Amino acid sequence: MKDQLKKIIDSTLASLISQQRLPEEISSIEVKLERTKDRGHGDFASNIAMVLAKPTKMNPRQIAGLIVDALPPHELIDKVEIAGPGFINFTLSATARQQVVAEVLKNAGQYGLNDYGKGHKVQVEFVSANPTGPLHVGHGRGAAYGSVVSSLLKAVGYDVHREYYVNDAGRQMDILATSVWLRYLEKCGEQFTFPSNGYRGEYVFDIAETLKNQHGDALLHPAAVVFEGVPTDEPQGGDKELHIDGLTNQAKKLLGAELYRQLFDLGLNAILDDIRNDLAEFGAEYDEWFSERSLVESGVVDEAIEQLKAANMLYQQDGAWWFKSTEFGDEKDRVVVRDNGQATYFASDVAYHLNKFQRGFDQIIDIWGADHHGYIPRVKAAMAGLQQDVSKLKVLLVQFAVLYRGKEKVGMSTRSGEFVTLRELRDEVGKDAARFFYVLRGADQHMDFDLELAKSQSNDNPVYYVQYAHARICSVFRQLAERQLSWDQQVGLQNLSLLSEEHEQALLTMLSRYPEVVELAAITHTPHLLAHFLMDLARDFHTYYNAHQFMIDDINVSQARLTLITAVRQVIANGLGLMGVSAPQSM
RNA sequence: GCGCCUGUAGCUCAGUUGGAUAGAGUAUCGGUUUCCGAAACCGAGGGUCACAGGUUCAAUUCCUGUCAGGCGCACCA
């Protein structure tokens, strides 16, 4: 609808230019057409006359008059008016307004989709939490946001590849393996103080239990031997990092490479399986789980480092290899290989991103927690240094959700084991409410997540409001059957002109706005626009429901109304579907 | 100290990338059911859009500065 109107304006402008009534150079100016906020201003408004005022040195209202006079009569347009400082307001014809109903019903589940991004491959990486423990509610926001952004991009025609980057290499995983081993030793009867920097969560005990069941005493070493020569822990006046690293080295030495790997993999797989399962149940689907270790072990990380060296992007200092990221606007240069010869996390991230570029995506979207924002310049710098087109890489930051329990702020730390897991949240609030709640706010908005509110099955939760609208419409049709009445779509479509109530007009407008909302939400990566649209649509429906009846004696009006609400139900279902939220028949 | 994000109704947040009289939910107060689901609807009050400048036909929106909050500034991930 909007596109059709735009074309009409464009061609009118073109003809005015060819008649030399408007100067040539304005042809590059893009016509902007917006939905009006106020029904009194018609359906669409264009500010084109005001934009043209300056370059043409003419009065905006005068230009508007020129355009309006040149506008050919069109069946879609009922009325064109000049208003305010020079807005051109378009009011659609009744036929134009009604045609959306047939369109919705014809396209059904496809209504709202388009091929804006057709032929473009886009990769979306999200969550990518370290597999050192279960996902917590902080990850939930990234999961909900990432999966809805992916769905939206798919809806507007992109070829979307959803990916989870598994950090299954590196020091944190060693610490997890060490933690599991120590809990195992405890279960074998050894006594010692658990390291302050180890993972203390309940799940570590579970994995240790499995380890004991599978391997018996095979990994048992006396505590005295294990702790021999290990630097003291922080509470004893030492350094917690050196302490835990020392224990990891002991594990590797005492167990040997083979057994250590088995221990390591047991922890990794247990947690990764849990994360996979958790995300699947949360409705966050992935096309690929990309292993960091595979990059390391296949030599891709070393290759990337060599490429940087070859490009003269590295230099050696204090025994470490540094990347000249300051040359690309970063605050300081970054270490790629430590003085102990180990590659940093950054090194494998460079390799991973290089790999993404090499896979030929037109767009690469990274969705990160806001705490990683300092990372953006160095990753972009590395890609620039490796001659990649950095404009393809877009990093979207998801701000933190600050947890509250009523008025009480809830602290979170994976290490200490004190956190609310995503699974707990899902168990108590349900997938639908959790997803809707997360996506309700813009990603760059700091969000207050009140667990009490989300857990309470109260009506404060907006998802019920939208779902209820859907269920209510389903209920109307159940009533219809009960009363042994029928609905004939064709009769309804033929009588749409009888939908003259203001509430009905408002619903027609909402239905036709839906594709515009989906497209905008997709392109700007702002799924909350869709959530808000659905709440608005649900509100318009509830208002309509309370004001008018659908099963009435006037058959033609009745059929038209039933047809209208069928279209409303379809759009709600489509929108909720994109959000990964169910559209229940009853609730 | 530097960088990123944020500041809009008592509270939680929208505001169509610069448009017309700044909107919802919630809370408060008042109303609605012999009628398809009251998890709903209708109405009322509630604002110096943090503050000060600037850009222009037009600024909550863009720029600069100040103030306040969150996050980040490792040879950690």
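Scope of the values below: all heavy atoms of this structure, side chains included, with no hydrogens, waters or symmetry mates. Quick note on labels: first sequence line is chain A, next is B, and so on, each numbered from 1. Since the structure is predicted, the reported quantities are computational estimates derived from the model, not experimental observations.
- Aromatic stacking is not marked for A:Y545 over B:C41, as the cut-offs of 5.5 Å for the centres and 30° for the planes do not both hold.
- Using C1' as the reference atom, B:C73 and B:G10 are 37 Å apart when rounded to the nearest Å.
- Here A:R334 lies out of heavy-atom contact (under 4.0 Å) with every strand.
- As judged by a 4.0 angstrom heavy-atom cut-off over every strand, A:N47 is placed among the base-contacting residues.
- Atom C1' of B:C4 sits at a distance of 42 Å from the matching atom of B:A44, rounded to the whole Å.
- Taking the six-membered ring for Trp and the full ring otherwise, A:H503 and A:Y545 have centroids separated by 6.0 Å or more.
- For a distance-only test at 3.5 Å, the side chain of A:N89 qualifies as a donor-acceptor partner of the base of B:A20.
- If you take atom C1' in B:A22 and the same atom in B:C63, they sit 22 Å apart, rounded to whole Å.
- A:D318 comes within 4.0 angstrom of a nucleotide base, judged by non-hydrogen atoms across all strands.
- Checking A:Q467 against A:D432 by side-chain atom types alone, a donor-acceptor pair falls below 3.5 Å.
- The side-chain ring of A:F87 is stacked on the base of B:A20, judged by centre separation under 5.5 angstrom and plane angle under 30 degrees.
- Here A:K37 does not reach the OP1 or OP2 of B:U16: none of its side-chain N or O atoms lies under 4.0 Å away.
- Map A:H548 and A:K32 each onto its nearest nucleotide of RNA chain B; the residue landing nearer the 5' end is A:K32.
- Within the structure, a side-chain polar atom (N or O) of A:R472 is placed less than 4.0 Å from OP1 or OP2 of B:A38.
- Side-chain atoms of A:E292 and A:S348 include a donor-acceptor pair closer than 3.5 Å.
- Checking the phosphate oxygens (OP1, OP2) of B:A14, a side-chain nitrogen or oxygen of A:Q445 falls inside 4.0 Å.
- You can call A:H41 stacked on the base of B:A20; the centres are under 5.5 Å apart and the planes sit within 30°.
- Between the OG atom of A:S475 and the CE atom of A:M587 there is a distance of 12.0 Å, given to the nearest 0.5 Å.
- Nearest-nucleotide mapping onto RNA chain B: of A:G442 and A:N546, the residue sitting toward the 5' end is A:G442.
- Within the 4.0 angstrom heavy-atom criterion, only backbone atoms of the sugar-phosphate kind lie near A:L529; the bases stay farther away.
- Nucleic acid contact for A:A53: none, since no nucleic acid atom lies under 4.0 Å from a heavy atom of the residue.
- Counting any heavy atom pair closer than 4.0 Å across all strands shown, A:H373 reaches a base atom.
- The separation of B:U16 from B:G7, taken at their P atoms, amounts to 13 Å, rounded to a whole angstrom.
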